[in-house]
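This structure is a prediction, so every number in the text was calculated from the model and none was measured. Residue numbers start from 1 in every chain, and the chains themselves are labelled A, B, ... in the order their sequence lines are given, proteins ahead of strands.
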2 protein chains.
Amino acid sequence: MTTTEPAEPTPRRGRGRPGYDQAAILRTAVELFNRKGYDATSMGDLAKELGLTKPAIYHHVTSKEQLLSQALDDALDELTAVVTAASGDRAGATAYERLREVLRRSVEVLVAHQPSVTLLLRVRGNSGIELAALERRRWLDDRLAALVADAVAEGSLRDDVPPTLVSRLLFGMVNSLVEWYRPDGVYDAAAVADAITVIAFDGLARHHA
Amino acid sequence: MTTTEPAEPTPRRGRGRPGYDQAAILRTAVELFNRKGYDATSMGDLAKELGLTKPAIYHHVTSKEQLLSQALDDALDELTAVVTAASGDRAGATAYERLREVLRRSVEVLVAHQPSVTLLLRVRGNSGIELAALERRRWLDDRLAALVADAVAEGSLRDDVPPTLVSRLLFGMVNSLVEWYRPDGVYDAAAVADAITVIAFDGLARHHA
DNA sequence: CCTACCGATCGGTAGG
DNA sequence: CCTACCGATCGGTAGG
């Protein structure tokens with residue numbers, strides 16, 4: 001199990017206790033949620049990780065679910081921005097170009113917001129908050145499927161594979177990022193986006209009919 | 001939330017109670033684990049789903065973790081068989097052919113054993129059983145990465161994308177199956193395997209340099 | 001009266 | 001298989 005240092009306390013404003021703010025607690029909470037799972041993470045675990053007592057956390061945060069909700073909103077807001085920017089035909093951009101763009105920007109979001117997106121992709125719908133997040137996710141998936149269908153319709157993508165299947169697999173590949181990508185590793189977001197684009201559009205095979 | 005009927009009780013052996021056996025309880029348990037998450041599923045939930053009391057379950061099963069362990073073993077045994085069959089060069093088969101084969105057979109396993117594989121792919125390492133499963137998974141991933149590297153080395157796959165990245169993305173795409181594939185849907189295992197193979201090796205783009 | 005907490009414990013529920 | 005429970009721990013809150 002990886003040892004993780006809690007998010008840095010905000011720079012001390014003079015004398016007194018370290019003083020976490022809401023954002024720092026959220027970062028540590030999301031990291032724990034992803035490492036152990038949301039349900040398996042107790043507020044006591046979070047307190048220990050932060051070097052606080054459990055009641056002290058409630059000085060900054062109203063509930064465990066609020067932490068989940070904020071992380072899910074962060075991920076969903078970012079992904080929604082990407083999909084919205086790529087949906088609807090912008091001046092002169094083909095569906096194919098917009099699909100490439102949404103793939104590239106999705107990878108950037110997954111890399112820049114990996115903790116919250118990871119949490120989002122693991123939501124099961126166990127509460128109202130989770131169900132609402134799943135509904136927003138479905139909206140995103142529908143937009144992406146429509147974009148793929150548009151690219152097939154305009155003739156830039158092959159039409160011998162069902163567009164819905166292509167959409168699932170394409171973004172399944174992108175989403176798998178959260179399971180293995182490490183920001184301190186050898187690949188940056190651009191390298192991953194390039195690899196995905198090459199695989200998806202040009203294929204890996206060197207010689208084929 | 002989807003309503004799910006519990007696994008059918010084994011055919012009654014005459015008079016008396018329905019009489020679940022271990023396998024039927026395991027099926028229902030795994031289905032619940034996947035729907036709500038392992039930690040969020042209580043043995044009471046499982047009892048209600050089966051129409052039994054909580055203690056009655058322990059007549060058939062020794063612990064909640066045992067149910068998890070059996071499901072993980074099922075998934076890992078199946079995937080290991082696929083990878084073992086494809087690893088090491090069999091008579092006359094190129095790495096490229098073996099890679100295509102392992103992709104196709106992986107899809108078949110994911111479809112035929114979706115519940116247990118889904119559970120496997122969500123394991124976080126929260127217990128000894130989970131850590132052992134993660135170790136077996138890592139072994140599989142290493143074998144798959146080696147197979148991709150072999151295919152690049154023999155010249156059948158393009159070498160301008162890092163093989164480790166290709167391996168991650170390829171099996172990320174395959175593994176995403178567990179998140180959306182429905183056995184009662186329009187696509188069978190062969191259709192999905194074909195789509196993955198086409199995307200991965202030939203690419204989606206219709207015209208490219 | 002503020003902030004940033006603490007020690008102790010609440011009502012419920014977990015797996016067994 | 002059920003009724004009746006256990007040791008422990010859950011998320012959250014009391015007064016100070």
Item to complete: Determine the Euclidean distance between corresponding C1' atoms of D:dA8 and C:dG12; express it in Å to zero decimal places.
Response: 13 Å

Under-3.5 Å N/O pairs linking protein and nucleotides 9-12 of chain D:
residue, atom, partner, partner atom, Å
D:dG11, OP1, A:T41, O, 3.2
D:dG11, OP1, A:K64, NZ, 2.8
D:dG11, OP2, A:M43, N, 2.9
D:dG11, N7, A:K54, NZ, 2.7
D:dG11, O6, A:K54, NZ, 3.3
D:dG12, OP2, A:Y58, OH, 2.9
D:dG12, OP2, A:K64, N, 2.8
D:dG12, N7, A:K54, NZ, 3.4
D:dG12, O6, A:K54, NZ, 2.7

Worksheet item: Going by the salt bridge (charged side-chain N to carboxylate O under 4.0 Å, His left out) test, which pairs reach into residues 100-115 of chain B, not counting sequence neighbours?
Response: B:E101-B:R104, B:R104-B:E108

Practice prompt. Grab the stems for DNA chain D, please: at least three consecutive Watson-Crick or wobble pairs, both distances below 3.5 Å, written as range with range.
Written response: none

Output the rounded distance in Å from [atom1] ([X]) to [atom2] ([N]).
X: A:L52; N: C:dC5; atom1: CG; atom2: C1'; result: 8 Å
X: A:H59; N: D:dG16; atom1: NE2; atom2: P; result: 19 Å
X: A:Q22; N: C:dT3; atom1: CD; atom2: P; result: 15 Å

Discussion item. Using the ring centroid of each side chain, check whether B:Y187 and B:Y181 are separated by less than 6.0 Å.
Written reply: no

State plainly whether the residues [X] and [Y] are in salt-bridge range, i.e. N to O under 4.0 Å.
X: B:D45; Y: B:K54; result: no
X: B:R122; Y: B:E179; result: yes
X: A:R35; Y: A:E49; result: yes

Worksheet entry | Given B:V61, B:D74, B:L67, the one that forms side-chain contact (heavy atoms from CB on, under 4.5 Å) with B:L26 | B:L67

Practice prompt. State, to 0.1 Å, how close B:L32 and B:T41 come at their nearest heavy-atom pair, and which atoms those are.
Written response: O-OG1, 3.3 Å

Worksheet item: Would you say the side-chain atoms of A:Q114 pair up with the backbone N or O of A:L110, donor to acceptor, closer than 3.5 Å?
Response: no

